[in-house]
Protein chains: 2
Amino acid sequence: MDVPWLDRIQLAAWVRVAALLEVLPGTLDGQLRRDADVTLFEYFVLAMLSESPSRSLRMSELAAQTSATLPRLSHVVKRMESRGLVERRPDPDDRRATTCVLTDGGLARIEEAAPGHVAAVREHVVDVLTPEQLTQLTGIADALLRSLDTSGGMAAMYRRYDGAAG
Amino acid sequence: MDVPWLDRIQLAAWVRVAALLEVLPGTLDGQLRRDADVTLFEYFVLAMLSESPSRSLRMSELAAQTSATLPRLSHVVKRMESRGLVERRPDPDDRRATTCVLTDGGLARIEEAAPGHVAAVREHVVDVLTPEQLTQLTGIADALLRSLDTSGGMAAMYRRYDGAAG
DNA sequence: ACCCGGAAGTTGTCCCTACAACCATGTGTG
DNA sequence: CACACATGGTTGTAGGGACAACTTCCGGGT
């Protein structure tokens, strides 16, 4: 464990990234909670389901697409089910599996939440960067995710959103 | 609230950032918890204190430097105090204020934790990017933080770490 | 047919965070 | 001096996430 310390340039980058990690999620999460009574993570769940042709996904796949662990997703989906946003039904083919289905109420909720969320993402992320920085950011995030995602689980998720640096 | 939806390039960037926000904190936090029994946030607290000349900071300033709210910091510091990592003492000048002091045990703890943490930051962030990307990232994070930090509180924090894009 | 390993989910528990309410002290203004 | 208001901080509580244990089920080998 004999690792060289970070130099000035590296430290400058890391400190800013760390601050970002601390602040950005809270900002977006707060907006969604206040305006649509949904967590940022719950929003992702709704989004992934709504973009599925069948409006449904298996729990394990949903977990992969939202970068979450299965236990966490299970808890969240249970709460969402009690609020009528999704439904869980056992898969007849594989009786271990559970399919998570987006309800009409859930669809309505995300359609209601989307404009405000997009506005927040624009305000705090997209619109404060130049187009050049945006493509740089895509490349950077790609590199970081590859090093984090050893199991390759979430490759499927963002591969669908295949921008300039896909 | 009539906001244009994100185009392909913007969406590609945002989806990757969102995934990063979900995964990176957990990775770094997990490493510190396992190897040093400290939270990522607690590590920052120790780091900010250890870099202060007096090894102490007022709560409000410590909160600003760690991008945290005061209630959160208060809870965390209380727990850390019970573990002997820091001490709290009232400020004689302003009797509302509380000064947080790093103990010898706290200093030992962060010195013990630092190598592993730096290794993780290198492995997952610094070393997977080219030097060019690293300076790009600094500029990007700077722009984002400026838009998030309306109160200007954390400017003080990362201004100290003044790299190429300072 | 049986057994064993692994995959899919669920549940329980503990810790952490956000939010709001609250207390105490300082500061400015008439 | 008295008042209102702001500042610094703590506490209570409710809710979300991490981790580990457990159940059920599939599949391959013998």
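What you see is a predicted model; the values in this text were computed from it and never measured. Throughout, a chain's letter reflects where its sequence line sits, starting with A, and its residues are numbered from 1.
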Check: Which is true for A:Arg33 with a 4.0 Å heavy-atom rule: it touches a base, it touches only sugar-phosphate, or it touches nothing?
Finding: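 Result for A:Arg33 = sugar-phosphate.
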Margin query: Determine whether a donor-acceptor pair (N or O, by modelled atom type, separation under 3.5 Å) exists between the side chain of B:Arg96 and the backbone of B:Asp91.
Written below: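 Pair absent, no side-chain N/O of B:Arg96 close to backbone of B:Asp91.
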Notebook entry, point to check: Is a side-chain N or O of B:Glu81 found less than 3.5 angstrom from the main chain of B:Arg88, in a donor-acceptor match?
Noted result: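 At least one qualifying donor-acceptor pair exists.
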Between [atom2] on [N] and [atom1] on [X], what's the gap in Å once rounded to a whole number?
X       : N      : atom1 : atom2 : result
B:Glu61 : D:dG8  : CD    : C1'   : 13 Å
A:Asp37 : D:dA14 : CG    : C1'   : 14 Å
A:Glu42 : D:dG15 : CD    : P     : 12 Å
B:Leu70 : D:dA6  : CG    : P     : 17 Å
A:Met80 : D:dG15 : CE    : P     : 17 Å
A:Tyr43 : D:dG16 : OH    : P     : 19 Å

Notebook entry, point to check: Can you list, by residue number, the residues of residues 82-101 of chain A that have a non-hydrogen atom closer than 4.0 angstrom to DNA chain C?
Noted result: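 Heavy-atom contacts with DNA chain C come from A:Arg88, A:Arg96, A:Ala97, A:Thr98.
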Next item on the list: Return the 5'-most residue of the pair B:His75, B:Ser60 with respect to DNA chain D, ranking by each residue's nearest nucleotide.
Entry: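 Checking each residue's closest nucleotide, the 5'-ward one belongs to B:Ser60.
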Note to self: Once you measure the plane-to-plane angle for B:Trp14 and A:Phe44, does it fall in the parallel (<30°), tilted (30-60°) or perpendicular (>60°) bin?
What the structure shows: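 Tilted.
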Next item on the list: Go through the steps for B:His117 and B:Leu40 under the test side chain to side chain contact (heavy atoms under 4.5 Å, CB included), then give the verdict.
Entry: CA-CA 9 Å; B:His117 175 61; B:Leu40 178 60; 3.8 Å; yes
Next item on the list: Supply the atom-to-atom distance B:Leu32 CG to B:Thr27 OG1, rounded to the nearest 0.5 angstrom.
Entry: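 Rounded to the nearest 0.5 Å, the CG-OG1 separation comes out at 11.5 Å.
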Note to self: A:Glu42 and salt bridge (charged side-chain N to carboxylate O under 4.0 Å, His left out): which single residue from A:Arg72, A:Lys78, A:Arg83, A:Arg33 fits?
What the structure shows: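 Of A:Arg72, A:Lys78, A:Arg83, A:Arg33, salt bridge (charged side-chain N to carboxylate O under 4.0 Å, His left out) with A:Glu42 is met by A:Arg83 alone.
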Checklist line | Whether over 12 other heavy atoms sit under 6.0 Å from B:Asp7 CG | finding: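 Buried by this count: over 12 neighbours within 6.0 Å.
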Item checked: Heavy atoms of other groups near A:Arg55 CZ, more than 12 under 6.0 Å ->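 Not buried by this count: 12 neighbours or fewer within 6.0 Å.
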Note to self: I want to check one thing: is the phosphate of D:dG9, taken as OP1 and OP2, less than 4.0 Å away from some side-chain N or O of B:Lys78?
What the structure shows: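 Checking B:Lys78 against D:dG9: no side-chain N or O falls below 4.0 Å of OP1 or OP2.
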Note to self: Can you tell me if A:Arg79 touches the phosphate of D:dG16, counting only side-chain N or O atoms and a distance under 4.0 Å to OP1 or OP2?
What the structure shows: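 For D:dG16, OP1 or OP2 has a side-chain N or O of A:Arg79 closer than 4.0 Å.
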Margin query: Give me the atom names and distance for the closest heavy-atom approach of A:Leu20 to B:Leu148.
Written below: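 Closest heavy-atom pair between A:Leu20 and B:Leu148: CD1-CD1, 3.9 Å.
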Next item on the list: Provide the start and end nucleotides, 5' to 3', of the part of DNA chain C that has atoms under 4.0 Å from heavy atoms of chain A.
Entry: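 Using the under 4.0 Å cut-off, the span is C:dG6 to C:dG12.
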Next item on the list: Find which nucleotide of DNA chain C each of B:Pro71 and A:Glu22 is nearest to by heavy atoms, and output the residue with the more 5' nucleotide.
Entry: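 Residue closer to the 5' terminus by nearest nucleotide: A:Glu22.
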Checklist line | Along DNA chain C (nearest heavy atom to each residue), the more 5'-positioned of A:Gly26 and A:Leu73 | finding: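 Upstream on the strand: A:Leu73.
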